[in-house]
Amino acid sequence: MNEESQKRGQLVVLASAVTKSYQMGSEFITPLKAVDLQVQRGEFLALSGSSGSGKTTFLNLIGGIDIPSSGEIKVDGVPLQRLKSDQLARFRAEKIGFIFQTFNLIPTLSALENVEYPLVLLRMKPSERRALAMEALARVGLEKFVKHRPPQMSGGQRQRVAIARAMVKNPPLVLADEPTANLDARTACEILDLMAKLNRELGTTFVFSTHDARILERASRIFKVGEVA
Amino acid sequence: MRLKIAIRNVFRNKRRTALSIAMIAGGVSAMLVFNGFALSVLINLGTKTIQTQTGHLQIATNVYWDKSADRPKDTLIAGAKQLQKELHKHPKIAFASGRLSFFGLLTAGDRTLSARGVSFEPQVEGDLGASFKFIEGRGFTKDELYHVALGSGLATRLHAKSGDSLTLLSHTYDGVVNAIDVTVTGIFQVGIAEFDDNNFLIPLSAAQTLLDTDNIEQMIIRLHNTSDTEEVRGEIQARLRGGATVKPWTEVAVLYQQITKFNEVQNRIMAFIILSLILLGILNTIGMSVFERTGEIGTVAALGENSRTILWQFLLEGGVLGLLGAISGMVLGTILIVVINWLEIKVMMPGASTDIIIKIGFFFRAFLDAGFLAVASAIVASFIPSWRASQMNIAEALRRNI
């Protein structure tokens with residue numbers, strides 16, 4: 001049934017019995033143990049859990065940044081465990097938008113150039129990608145900040161640029177790792193409202209991790225890492 | 001976009017970049033000054049060798065070249081006048097002149113010294129003023145027969161000056177002792193101590209009288225342009241009958257060959273030292289850059305950059321750094337060359353008989369070589385840190401942002 005749903009394009013993420021363990025010194029650590037998760041297209045899903053519960057690890061696995069020790073992950077129908085390094089990079093470039101806790105903008109590029117960057121990886125024409133980047137920045141309310149570089153912007157503005165960067169290629173899935181953790185409460189709410197608005201208006205699927213109770217309230221669904229979906 | 005990113009990243013840490021560029025520029029300018037000086041010396045030596053000794057081409061019998069003759073007279077070229085007439089018809093030949101060289105004893109008063117006589121033909125070569133620097137007196141006129149010009153070192157040892165009468169004693173090609181009285185027309189200085197100390201010039205007809213022959217040892221050919229040497233050599237060789245060979249000046253100028261080889265070795269050592277410094281400098285700069293930008297590398301990898309494009313991005317940064325260093329080095333090298341030439345610094349070169357003023361030339365090829373080496377070594381040096389960056393674990397690298 002799940003397979004069939006995914007084939008029809010209803011499921012964006014299908015994670016089955018995903019386990020991740022790695023060695024730290026002489027010890028083997030298993031932050032994720034047999035995790036199952038299904039995310040429907042258009043969901044606004046929060047991953048919750050205390051620090052060290054494996055939220056970031058799980059997001060990394062869904063985003064093709066890391067590979068699971070066992071289990072299976074399919075994103076937008078693509079079985080990640082079968083992809084080689086270059087194919088994973090291509091997958092990330094085409095299918096995933098990332099938003100990070102520390103914004104992770106490239107400091108030498110302007111806001112516009114930062115948003116253009118994912119389109120460079122898709123080999124889009126300069127004029128085309130510039131227009132799309134401008135549109136994405138306007139969507140997050142930063143059309144007047146196109147030439148500003150990250151160090152000249154506030155935390156909230158930087159995270160808006162990061163959201164524009166994640167959304168510019170219109171990916172089927174946006175992954176946000178603690179997107180509000182480095183922001184004050186008011187800005188955090190604004191950022192979350194913005195993400196929710198984009199989710200509603202564009203139908204983009206969002207999966208984000210947080211342990212902030214106020215933010216969890218705004219999620220359409222909460223998934224506690226390690227629990228059955 | 002990638003080039004823009006590379007340029008901006010290069011200037012991210014301005015002080016470190018300035019240091020790296022200064023290091024490359026220092027190396028490039030040192031190479032330009034050093035190579036410019038060495039090449040200038042070599043070109044001057046070549047010109048002087050052509051003018052005073054070898055001409056551009058030399059025709060001689062095969063037994064002369066391979067030193068296999070039983071008797072010295074068997075090495076001579078007969079019918080030289082006809083050959084000379086034919087050579088003078090060639091549009092690229094300035095003149096062809098017969099040569100005889102021999103050892104003789106020069107006596108001035110109570111001093112007698114052994115020296116090597118080299119013949120010239122004033123009728124075709126003029127008074128030699130264009131080829132030799134006369135520090136006293138002059139060369140030969142067309143009508144003067146029993147005259148000599150002495151090398152400066154030889155004249156000093158003989159205590160001879162222009163206008164003095166000397167006795168020149170030698171053996172004819174048949175082994176008979178012969179002598180002629182000659183007048184010193186002038187004292188010359190080539191600048192090569194070995195030549196100035198042991199050689200005197202004499203008109204060909206006087207040498208032929210002394211050695212009792214109508215023949216010559218070699219036909220020296222001077223061209224209008226040195227660059228035509230190989231072409232004219234081929235044409236002449238094709239026309240020569242068997243038994244004689246024409247050789248270019250580079251093949252017979254022993255000192256020139258030795259200095260050329262020495263320069264090549266010296267240049268390689270110099271280039272190796274400078275390139276090592278550039279390599280270490282760039283390795284450090286790009287290595288630090290990769291270390292500081294680990295989180296950023298994780299970010300771009302997460303956005304979809306693959307390891308190959310990350311590697312190229314850092315190599316491009318190394319290349320940009322190398323190019324900036326090379327351009328700065330060329331500017332600095334040009335300034336240094338202009339200043340050194342303007343200062344007219346005098347030095348005594350090994351084997352020289354006089355001081356020379358240091359003249360450093362601008363050689364397009366040297367600029368091209370130095371620039372290429374700087375950029376190439378910068379890219380090579382960037383490779384190790386760039387490779388490290390491209391192979392990073394993305395999740396690990398992202399953690400460095402926190």
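All chains are named by letter (A, B, ...) in the order of the sequence lines, taking the proteins before the strands, and each is independently numbered beginning at 1. Note that these values count all heavy atoms, side chains included, but never hydrogens, waters or copies made by symmetry.
Salt bridge status for B/Glu305 with A/Arg90: absent, with no side-chain N to carboxylate O gap under 4.0 Å.
Note that the CD atom of A/Glu113 and the CD1 atom of B/Ile5 stand 8.0 Å from one another [nearest 0.5 Å]. Atom OG1 in A/Thr102 sits 8.0 Å away from atom CG in B/Leu398 (nearest 0.5 Å).
With a threshold of 4.5 angstrom between heavy atoms, A/Phe103 does not approach chain B through any atom at all. Heavy atoms of A/Glu94 lying under 4.5 Å from chain B are absent altogether. In this structure, chain A has no heavy atom under 4.5 Å from any part of B/Arg293.
Around CD1 of A/Ile67, the count of heavy atoms belonging to other residues, nucleotides or ligands within 6.0 Å does not exceed 12. More than 12 non-hydrogen atoms from other residues, nucleotides or ligands lie less than 6.0 angstrom from CD of A/Gln23. Counted within 6.0 Å of CD1 on B/Ile384, heavy atoms from surrounding residues, nucleotides or ligands total 12 or fewer; the atom is thus considered open. Other residues, nucleotides and ligands contribute at most 12 non-hydrogen atoms within 6.0 Å of the NE2 atom of A/His211.
When A/Ile106, A/Asp66, A/Asp177 are compared by the number of non-hydrogen pairs under 4.5 Å with chain B, A/Ile106 comes out ahead. Heavy-atom pairs under 4.5 Å with chain A peak, among B/Leu303, B/Asn306, B/Thr309, B/Asn9, at B/Leu303. Ranked by non-hydrogen atom pairs under 4.5 Å with chain A, the options B/Met1, B/Lys4, B/Arg308 are led by B/Met1. Ranked by heavy-atom pairs shorter than 4.5 Å toward chain B, the options A/Asn60, A/Val120, A/Thr57 are led by A/Val120.
For the pair A/Tyr117 and B/Arg2, the tightest heavy-atom approach, listed with the atom from each and the gap, is OH-NH1, 4.1 Å. Residues A/Phe98 and B/Ala302 come closest through the heavy atom pair CE1-O, 3.1 Å. In terms of heavy-atom proximity, A/Leu121 sits nearest to B/Gly304 at CD1-C, 3.6 Å. Nearest heavy atom pair, residue B/Glu296 against residue A/Pro107, reads OE1-CD, 3.5 Å.
Contact of the B/Arg12 side chain with the A/Thr108 side chain is registered, since non-hydrogen atoms from C-beta on lie closer than 4.5 Å. You'll find the side chain of A/Arg165 reaches within 4.5 Å of the side chain of B/Thr299, heavy atoms only.
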Let me see the working for A/Thr56 and B/Arg399 under side-chain contact (heavy atoms from CB on, under 4.5 Å), right down to the final yes or no. CA-CA 10 Å; A/Thr56 300; B/Arg399 270 197 277 276; 5.7 Å; no

